[in-house]
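In listed order, ligands and their atoms are each counted from 1.
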Amino acid sequence: MMIIMHPGAPREQIQGVIAEIENQKLSSHIIEGVEQTIIGAVGDGHYVAKEIFEALPGVLSVQRISQPYKLASRQFHEQDSIFQLDGFSIGSLEIPIIAGPCSVESRAQILEIAQAVKEAGANALRGGVYKPRTSPYAFQGLGEEGLEYMAEAREKTGLPLVVEVMAVSQIPMMEKYVDVFQLGARNMQNFNLLRAIGETRTPVLFKRGMSATIEEMLMASEYIISGGNTRVMLCERGIRTFETATRNTTDINAIPVLKKLTHLPVIIDPSHSTGDSAFVSAVARAGVAAGADGIIVEVHHDPAHAISDGKQSLTPEAFAKMVKQVRAVAEAVDRRLVAQHEKI
Ligand code: PEP
Ligand code: MN
């Protein structure tokens with residue numbers, strides 16, 4: 001339910017509404033506009049009559065949110081959410097690019113790639129240290145040692161870090177190093193993990209499960225947002241279809257559909273969407289043309305010898321070319337890439 005207060009309603013009236021929300025065993029989420037405050041009452045509110053809130057002093061109107069997801073919906077929050085990250089914003093007109101290897105493999109590897117992607121125009125560095133591999137015998141990641149190398153890369157380049165978290169137990173240690181948690185496709189419905197991430201205040205890059213519908217994705221993101229961690233960016237990374245020519249099928253429709261349904265920023269991952277470096281730049285361009293607010297892309301200085309996802313990794317040169325092309329597409333749709341001088 002959304003409780004819309006009269007413009008200028010005093011604090012005591014807002015407090016009164018919050019007290020009633022708690023009394024009904026719901027949780028309150030406040031959006032303070034310039035003139036008007038809207039209070040979301042979320043939880044299992046089926047049995048709670050709207051009239052209870054309508055009768056409270058200062059309440060202008062009460063609306064039920066028709067979507068099954070609430071806090072993520074545009075109905076609850078009409079304006080695009082814009083999150084300030086280190087050196088750039090996401091969800092505004094500017095489009096940041098997150099780039100780096102699939103996995104952190106060694107100190108030398110991550111430092112070299114970090115420098116290369118920065119020079120080519122990246123705004124944040126990606127690199128996995130806990131890898132969700134299909135085979136338990138495949139490289140599982142360097143763990144905290146990898147995070148130390150990532151931290152050194154951030155120090156040298158100024159790029160904030162985006163790193164996948166795979167388990168609740170990793171959160172306290174990882175929080176000390178990372179700027180953005182990546183929630184991987186395979187964990188999109190790991191509800192315990194989602195709730196635990198919702199307890200943190202670290203922004204989240206939330207990937208669509210490989211067989212998840214858009215509605216399931218939004219419902220799952222709600223687990224994080226309802227915990228109070230509102231800085232969630234949704235990522236289309238391709239879904240499983242009958243098509244086998246590419247690793248996954250980019251659901252390009254998901255971008256404008258998500259932009260309609262939710263206020264959260266939407267990011268395109270052309271690497272896992274295609275699984276092939278030959279198609280990455282085309283899908284990055286398509287994503288931006290379709291309205292994506294950011295790009296996350298895999299880059300490796302030596303893709304042939306990458307420990308994971310080499311086939312879909314761009315060389316730094318190919319990445320630089322992609323950035324140039326994406327910049328032109330961004331401008332064609334009245335957006336722009338994050339300007340270099342805005343970075344640290
Ligand atoms: C990754 O980003 O390397 C990754 C494992 O992605 P996804 O969860 O989308 O498969
Ligand atoms: Mn990968």
> Looking only at atom types and distance, does a side-chain atom of Lys70 sit under 3.5 Å from a main-chain N or O of Ile65, one as donor and one as acceptor?
Replying inline: yes
> Do any N/O atoms on Asp309 end up under 3.5 angstrom from N/O atoms on ligand 1?
Replying inline: no
>> Show me which atoms of ligand 1 lie under 4.0 Å from any heavy atom of Arg237.
In response: 7 (P), 9 (O), 10 (O)
> Counting N and O atoms only, with roles assigned by atom type, does the side chain of Asn187 sit under 3.5 Å from a partner on the main chain of Asn190, one being a donor and the other an acceptor?
Replying inline: no
> Taking a hydrophobic cluster as the set of Ile, Leu, Val, Met, Phe, Trp and Tyr residues connected by side-chain heavy atoms closer than 4.5 Å, whether directly or through intermediates, do Leu71 and Ile39 fall within one such cluster?
Replying inline: no
> Of all the atoms in ligand 1, which lie at a distance below 4.0 Å from a heavy atom belonging to Glu298?
Replying inline: 1 (C), 3 (O)
> Which atoms of ligand 1 are found less than 4.0 Å from any heavy atom of Cys102?
Replying inline: 3 (O)
>> How wide is the angle at the Mn ion (ligand 2) spanned by Cys102 SG and His272 NE2, rounded to 10 degrees?
In response: 170°
> Counting distance only, does the side-chain N/O of Arg126 pair as donor-acceptor with the main-chain N or O of Val163 below 3.5 Å?
Replying inline: no
> In ligand 1, which numbered atoms sit nearer than 4.0 Å to a non-hydrogen atom of Arg186?
Replying inline: 7 (P), 8 (O), 10 (O)
> Has the side chain of Gln36 got a donor or acceptor atom that lies under 3.5 Å from a matching backbone atom of Met5?
Replying inline: yes
> Given Lys207, Met166, Arg208, which one has a non-hydrogen atom that is nearest to atom 6 (O) of ligand 1?
Replying inline: Lys207
> Hey, is the main chain of Ala245 close enough, under 3.5 Å, to the side chain of Glu243 for a donor-acceptor pair?
Replying inline: yes
> Which of the N/O/S atoms in Glu298 sits closest to the Mn ion (ligand 2)?
Replying inline: OE2
> Among the heavy atoms of Lys131, does any lie under 4.0 Å from an atom of ligand 1?
Replying inline: yes
> Among Glu105, Glu112, Gln312, whose side chain to side chain donor-acceptor pair (under 3.5 Å) with His300 holds?
Replying inline: Glu105
> Any sub-3.5 Å donor-acceptor pair from Ser221's side-chain atoms to Leu218's backbone N or O?
Replying inline: yes
>> Under a 4.0 angstrom heavy-atom cut-off, which atoms of ligand 1 come close to Gly184?
In response: 8 (O)
>> Looking at ligand 1, would Gly128 count as a contact under a 4.0 Å heavy-atom criterion?
In response: no
>> Counting only heavy atoms closer than 4.0 Å, does ligand 1 sit against the backbone of Met210, its side chain, both, or neither?
In response: neither
> Got the closest protein heavy atom to atom 4 (C) of ligand 1, with its distance?
Replying inline: His272 NE2, 3.4 Å
> With respect to the Mn ion (ligand 2), what is the nearest N, O or S atom of Asp309?
Replying inline: OD2
>> Below 3.5 Å, N or O to N or O, backbone or side chain included: is there any such pair between Glu164 and ligand 1?
In response: no
>> Would Pro132 count as a polar contact of ligand 1, with the cut-off being nitrogen or oxygen pairs under 3.5 Å?
In response: no
>> Under 4.0 Å between a side-chain nitrogen and a carboxylate oxygen: does that hold for Arg208 and Asp251?
In response: yes
